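Taking it in order: structure first as structure tokens, then the write-up.
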Protein chains: 2
Amino acid sequence: MSGHGGAAARIAADLRDAILHGEYEPGDRVRQEQLAEHHGASRVPVREALRMLEAEGLVTLVANTGAWVSRLSQEECDELYRMREQIEPLLLRYNVPLLGAEVLDELDELATRMASEQEVEQFLRDDRRFHALSYGAARTSVLGSTVEQLWNRTQHYRRAFLRLSDPSADRGIHLEHRLLVESLRRGDADEAGAVLGIHVRRTRLELAKHPEVFAAAR
Amino acid sequence: MSGHGGAAARIAADLRDAILHGEYEPGDRVRQEQLAEHHGASRVPVREALRMLEAEGLVTLVANTGAWVSRLSQEECDELYRMREQIEPLLLRYNVPLLGAEVLDELDELATRMASEQEVEQFLRDDRRFHALSYGAARTSVLGSTVEQLWNRTQHYRRAFLRLSDPSADRGIHLEHRLLVESLRRGDADEAGAVLGIHVRRTRLELAKHPEVFAAAR
DNA sequence: ATGCCTTAGATTGTATACATAGAGTGGTGG
DNA sequence: CCACCACTCTATGTATACAATCTAAGGCAT
């Protein structure tokens, strides 16, 4: 059965999306046979998909025992945010000269919409699109994929944090988004990088105020 | 056949070491059956190992076609070094308070030995051990494993660069190592981080002077 | 001679079958 | 009542067999 070439990649992509969309939670067990059946495939490509997601940090495999959706301690999440703080301004600088008028306009739109967004899921999508857009379409670079992985690994905890309160409540976030777009419009890479660094840093500190997000359930 | 649980992990570790030791070069093809036979296993765990190394950036897989040892363009290598420049000082800061007298002494030893080392392979080992040691034994942190992957992906090009000239020729490297150890001895995290950043940056610039290292052979 | 199509070989991709280690269960002795 | 052990069952790990795809060589027409 199965179409052409790449069941493993397809399963990995689906499982990755499912985890990022919150259909799984950290600590949830991932059973090979169940996944295989769900995709109409055997366990062989499922195992390959799990190895891929393991290397991305989304899944944790224990030999002869099983696979679980990765859980982060507060310290690990903090580390990931510190990495983002160092790396994302670097990526942004690469893309400042490449930003066109249409992209800048969409960034404006997204910033405006987020400022009054109530729904967590929509906010998550918009925020992610906002930053991804600012990093350009250059998905090929090793830097871009590293940043994407940092976002993926912390996605669940961002969602859990946002659920604690109204996403539009924190005015600082929206102010920073505005400042960022403005710097980008002027093509000021230094200032844009600085604002972004502050933005990520503040997010990290806000997250640190809510250790209950990292409480081990089940 | 095969012992207990973990042929895939063992094969991945072996292949990773082989690539890092230079037994393979970027662009070399990796055949599944050949690897399987070499390890007395079937192709199933081999494929899992390849997926793992693919996610680490050491191997490039093309569907229905094959696997090759990853090759970096000069631009990609430059990106990886810029990431190192941002991230490694961060990791170092984590470990400054944890450094004991024995470790500092070994760092001194390594710095001394490297300053007069002629052999490329020995220099590579010592340099890597020097920095890994300064980052402490904390292999568990997500930051530590990220840094390790950055080193792994650029290892081949470091070797190729060193082969162009006497490793002990560049006095700047050894001076920076000395300065680093001295800062660490004083427990001055800020200065140590700054020196390390400069160290990585200078290495990147030196590497940029030798584009022939990235010339696509075969 | 050159370019394209056909075909044979090799290599990858996946399903199935079997081997093996873990987790839980019931029973027994203390 | 609790700790411990044998056993069963479930899920994982791997080898084998088969299907699909890519590559390269050779023939044919232009």
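Both backbone and side-chain heavy atoms feed into the values below; hydrogens, waters and symmetry mates do not. By convention in this document, chain letters (A, B, ...) are assigned in the order of the sequence lines, proteins followed by strands, and residues within each chain are numbered from 1. Treat the numbers as computed from the prediction; the structure is a model and nothing was measured.
Between the CD atom of A:E33 and the C1' atom of D:dG13 there is a distance of 13 Å, rounded to whole Å. C:dA19 atom C1' lies 11 Å from atom CG of A:N64, rounded to whole Å. Straight-line distance from the CD atom of A:E48 to the P atom of C:dT12: 12 Å, rounded to whole Å. In this structure, the CG atom of B:L61 is 15 Å from the P atom of D:dC22, given to the nearest Å. One interatomic measurement links the two molecules: CG of A:L35 to C1' of D:dT12, which rounds to 14 Å at whole-angstrom precision. Between A:E37 atom CD and D:dT12 atom C1' the separation is 17 Å, expressed in whole Å.
B:R29 has a side-chain polar atom (N or O) that falls below the 4.0 Å cut-off from OP1 or OP2 of C:dT12. Contact between the side-chain N/O atoms of A:Q32 and the OP1/OP2 oxygens of D:dG13 is found at a separation under 4.0 Å. Between C:dA15 and A:R43, no contact under 4.0 Å exists linking OP1 or OP2 to a side-chain N or O.
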Would A:R82 and B:R93 count as a side-chain contact (heavy atoms from CB on, under 4.5 Å) here? Give the steps. CA-CA 12 Å; A:R82 286 181 195 263; B:R93 264 163 228 243; over 6 Å; no

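For A:T65 and B:A67, each mapped to the nucleotide of DNA chain C holding its nearest heavy atom, the one lying further toward the 5' end belongs to B:A67. The nearest heavy atom of DNA chain D to A:V30 and to A:V44 marks one nucleotide each, and the one closer to the 5' end goes with A:V30.
Ring geometry for B:H131 versus B:W151: interplanar angle of 30 to 60°, hence tilted.
Here the shortest heavy-atom pairing between B:D170 and B:E206 reads OD2-CG, 4.2 Å. Of all heavy-atom pairs spanning A:A67 and A:L50, the tightest one is CB-CD1, 4.2 Å. Among all heavy-atom pairs drawn from B:G27 and B:W68, the shortest one is O-CD1, 3.1 Å.
Looking at the side chain of B:R47, the nearest of the listed nucleotides C:dT16, D:dT12, C:dT12 is C:dT12. Candidate nucleotides D:dT12, C:dT14, C:dG22 were compared by shortest atom distance to the side chain of A:P45, and C:dT14 ranks first. Closest approach to the A:R31 side chain among D:dT14, D:dA11, C:dA15 is made by D:dA11 (side chain taken as heavy atoms from C-beta onward). Counting only heavy atoms from C-beta on, B:A63 has its side chain closest to C:dG13 among D:dT16, D:dT12, C:dG13.
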